[in-house]
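The block underneath contains the structure these notes are about, expressed in structure tokens.
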Amino acid sequence: MHLLSRITLASICLLSAGQIASAAGNADTIFYGGDIVTMNKAQPTAEAVAIQGGKITKVGSLSQVKSLQGKDTKLINLNGQTLMPGFVEPHVHIFGTAFSEELWQNMSNFEMPHDTLDSLVAKLTTYSKNVKDGEWITAFGVDPSRTDPFMAELTADILDKVSTTKPIFVMNQSMHIAYVNHKAMEMAGITDSTPDPKGGKLLKDSKGRLTGVVYEVPAFYLFLSKMPVPNQDLIEQALAKVGQKMVRKGVTTSAEISLGGYLGVDKENALLNDMTHSGKLPVRVRGYMYSNAYPLTNNSYKPGQGDDVYKLIGVKIVSDGSDQGLTGAMIQPYAYPAGTTNTGSLNFTEQELYDLAKPRFDQGWQISVHSNGDRAIEQTLNVFQKLVTKPSDAKTRLRIEHFTVPTEAQITKAAKLGVVPGFTIGHTDYWGEAFHDHLLGPERANRIDASASLIKNGMHFAYHSDSPVSPIHPLKYASEGASRLWQVAPQKVLNANEKVSINDALKAVTIDAAYQLKMDDKVGSVQAGKYADFAIVNQNPMKTDAYKIRDIEVNETWVNGQQVFKKQ
Ligand SMILES: [Zn+2]
């Protein structure tokens with residue numbers, strides 16, 4: 001793998017359109033000799049592509065494109081590989097992934113068989129041997145909905161088996177739940193009489209004693225604020241590794257969907273700005289301020305500040321929890337355990353959510369609200385309806401993250417408001433069986449990531465990983481959207497009516513994901529005038545069985561006309 005060359009976008013930006021045109025006949029590079037999947041509806045395939053100064057200058061037949069060949073033009077024969085637009089991953093927790101997968105112990109298990117509580121304790125015990133007394137044991141990625149037995153959960157008593165002298169903080173795979181031992185509660189100064197922080201919850205048993213299970217970020221902060229911040233070098237190395245995970249999967253544009261969540265907005269903004277421009281983080285990034293870290297009293301940033309490499313554009317608000325964690329806000333009770341009255345929980349009243357969103361909307365920020373359950377989606381749509389008072393408001397591309405189990409009426413309403421949902425499409429795969437057979441029941445589970453219904457309503461939508469919630473791998477999301485097969489044996493299709501064509505599934509990781517990030521005029525398709533951001537893959541996904549698209553390998557990734565990854 002190459003550590004990339006610098007993205008010298010600043011210099012490219014200085015070239016005017018006229019200069020680029022006058023340089024025609026001097027293409028830097030021409031790609032030919034393989035399938036070219038453009039994701040441009042007007043010209044879906046081509047024989048060759050020319051690029052110059054980081055941009056695409058011509059897409060067409062080999063003879064047309066060769067008209068731009070000059071004496072210094074490099075010809076790249078794809079040798080039967082397929083060239084596609086670089087993938088757009090519009091919902092990543094870049095810092096969350098750096099912390100969870102690189103700085104903390106990563107316990108995520110997306111393979112079969114599932115972990116057990118014993119195997120989790122054993123893994124944590126091994127890890128704890130490298131941690132000194134009094135220092136934090138921090139880990140990520142346990143998931144009761146993917147644990148054997150189903151929904152077996154860590155508690156303070158269980159974590160005390162790992163250590164009673166070292167504080168332990170383990171984040172659930174969903175990032176909405178965490179587990180702590182008694183030492184951690186002691187260090188955070190939390191007792192049975194400590195009140196819940198606003199928007200968070202410290203779970204207690206029937207006798208009013210803390211269980212060690214805590215919900216949502218305001219509760220996590222009680223512990224995170226007691227941990228030492230890793231030094232700058234370690235953070236930068238971890239971020240660079242996240243960048244490598246992206247380019248290895250062909251991602252060329254991404255978003256930090258909750259800027260400020262770990263180190264505050266100032267530090268995280270400065271790090272992303274520096275690392276994207278230096279090429280240490282070799283993808284374009286769009287930043288969404290996390291409302292918990294960017295309160296309404298702070299107005300130090302402007303929407304749109306930045307450039308095509310790194311730009312701040314939105315504000316992200318989290319309105320409910322996780323459906324597989326039984327905390328997403330549902331209209332009807334969960335189906336698990338049988339007879340439960342639990343309908344999950346909303347983090348705000350409708351008025352509170354409106355009061356958070358309205359000032360940011362008026363300032364010109366793109367509003368992004370995390371809503372998993374149908375009760376949360378309803379609340380968010382009600383708030384969006386109040387924000388959209390004139391036709392231009394519906395063009396601001398209001399985002400709903402996850403939009404996991406919308407009703408038909410909610411989809412119609414979202415379409416009218418111009419909402420651009422983003423599906424964590426791994427819900428159909430890793431969690432499909434758990435939702436269908438246990439947590440939600442068939443009717444609601446069949447509504448998960450209702451991609452075909454959205455297309456019928458003329459909507460744009462994106463697929464994303466929500467990394468670290470699921471692994472960064474756009475071709476896998478496309479495969480999941482087009483197949484909807486769940487992972488646990490016996491594999492079944494989670495509502496065949498919501499499967500989409502391979503073309504539509506690929507749109508959700510290219511041009512429509514770019515649309516969600518308001519970058520569809522710059523990236524997301526192979527089209528003259530757009531940036532030369534490509535994924536070169538070993539097989540044409542349009543000619544592959546939907547389920548097997550996930551096995552396609554990315555051989556090279558190009559950003560701004562520069563190769564930033566080559567498979568060794
Ligand atoms: Zn997320």
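Everything quoted here is computed from the prediction, not taken from an experiment. Both ligands and their constituent atoms are indexed starting at 1 by order of listing.
Enclosure of atom CD in Gln332 is not indicated, since only 12 or fewer non-hydrogen atoms of other residues, nucleotides or ligands lie within 6.0 angstrom. Around the NZ atom of Lys518, the shell of radius 6.0 Å holds more than 12 heavy atoms that belong to other residues, nucleotides or ligands.
Relative to the ring axis of Tyr310, Arg286 does not place its NZ or CZ within 45° and under 6.0 Å from the centre.
Atoms CD and CG, from Gln379 and Asn347 in turn, are 9.0 Å apart once rounded to the nearest 0.5 Å.
Side-chain atoms of Gln516 do not come within 3.5 Å of backbone N or O of Phe461 as any donor-acceptor pair.
Protein N/O/S atoms nearer than 2.8 Å to the Zn ion (ligand 1) total 3.
The shortest distance between side-chain heavy atoms of Asn269 and Leu259 falls below 4.5 Å.
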